[in-house]
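Computed from a prediction, not measured in an experiment: that's the story for all the values here. Note that these values count all heavy atoms, side chains included, but never hydrogens, waters or copies made by symmetry.
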Amino acid sequence: KVIGSRLEQVETSPVRVISARAFAPLDRLLGLSARFSTPETRWLLPKGRSAQQELDALQGWQHAFHVEQSLTDSDAGIITGTLAGRANVGRKGKRT
């Protein structure tokens, strides 16, 4: 099912696949979309040339994401994988 509404207007429910193209930087996208994700939800995020840089810069999330090369653009990448949730932050700001 494809939902063509603003994300803020979509009722929260678990989904099997989340895909977004040219929506927002990865950290912001996760912040807005994680409420739809379960540990089994597959994320497919075409990010263009910035895919690896966005993934490398991602902090505060437990995930199993990696970058696949786009088949349609040799310079582009697709971030794919699963999201476990926000990383736990223990004392002194260290992630656990």
In Å, rounded to the nearest 0.5 Å, how long is the span from [atom1] of [X] to [atom2] of [Y]?
X	Y	atom1	atom2	answer
Gln53	Leu58	CD	CG	13.5 Å
Ser70	Arg49	OG	CZ	11.5 Å
Ser50	Asp75	OG	CG	12.0 Å
Leu83	Thr38	CG	OG1	9.5 Å
Gln59	Leu26	CD	CG	12.0 Å

| query | Do Leu30 and Leu44 share a hydrophobic cluster, counting only Ile, Leu, Val, Met, Phe, Trp and Tyr and linking them when any side-chain heavy atoms are less than 4.5 Å apart? | reply | no
Mind listing the closest non-hydrogen atom pair of [X] and [Y] along with its distance?
X	Y	answer
Trp43	Ser37	NE1-OG, 3.1 Å
Arg35	Leu7	NH2-O, 2.9 Å
Pro46	Ser19	CD-OG, 4.3 Å
Phe23	Leu32	CE2-CD1, 3.8 Å

| request: Examine distances only and state if a side-chain atom of Glu54 and a backbone atom of Lys47 form a donor-acceptor pair shorter than 3.5 Å. | output: no
| query | Is it true that atom CZ of Arg16 has more than 12 heavy atoms of other residues, nucleotides or ligands lying nearer than 6.0 Å? | reply | no
| query | Is Arg42 atom CZ crowded by more than 12 heavy atoms from other residues, nucleotides or ligands, each under 6.0 Å away? | reply | yes
| task | Report the C-alpha distance between Ser5 and Gln9 in whole Å, list the side-chain angles of each, state the deciding distance to 0.1 Å, and finish with yes or no for side-chain hydrogen bond (donor to acceptor under 3.5 Å, both in side chains). | result | CA-CA 7 Å; Ser5 298; Gln9 297 172 345; 5.1 Å; no
| message | If you define the side chain from C-beta out and look only at heavy atoms, does anything of Thr82 sit under 4.5 Å from Thr41? | response | no
| message | Quick one, Val10 and Phe36 - any side-chain contact, counting heavy atoms below 4.5 Å? | response | yes
| Can you tell which of Ile79, Ile78, Thr80 makes a side-chain contact (heavy atoms from CB on, under 4.5 Å) with His66? | Thr80
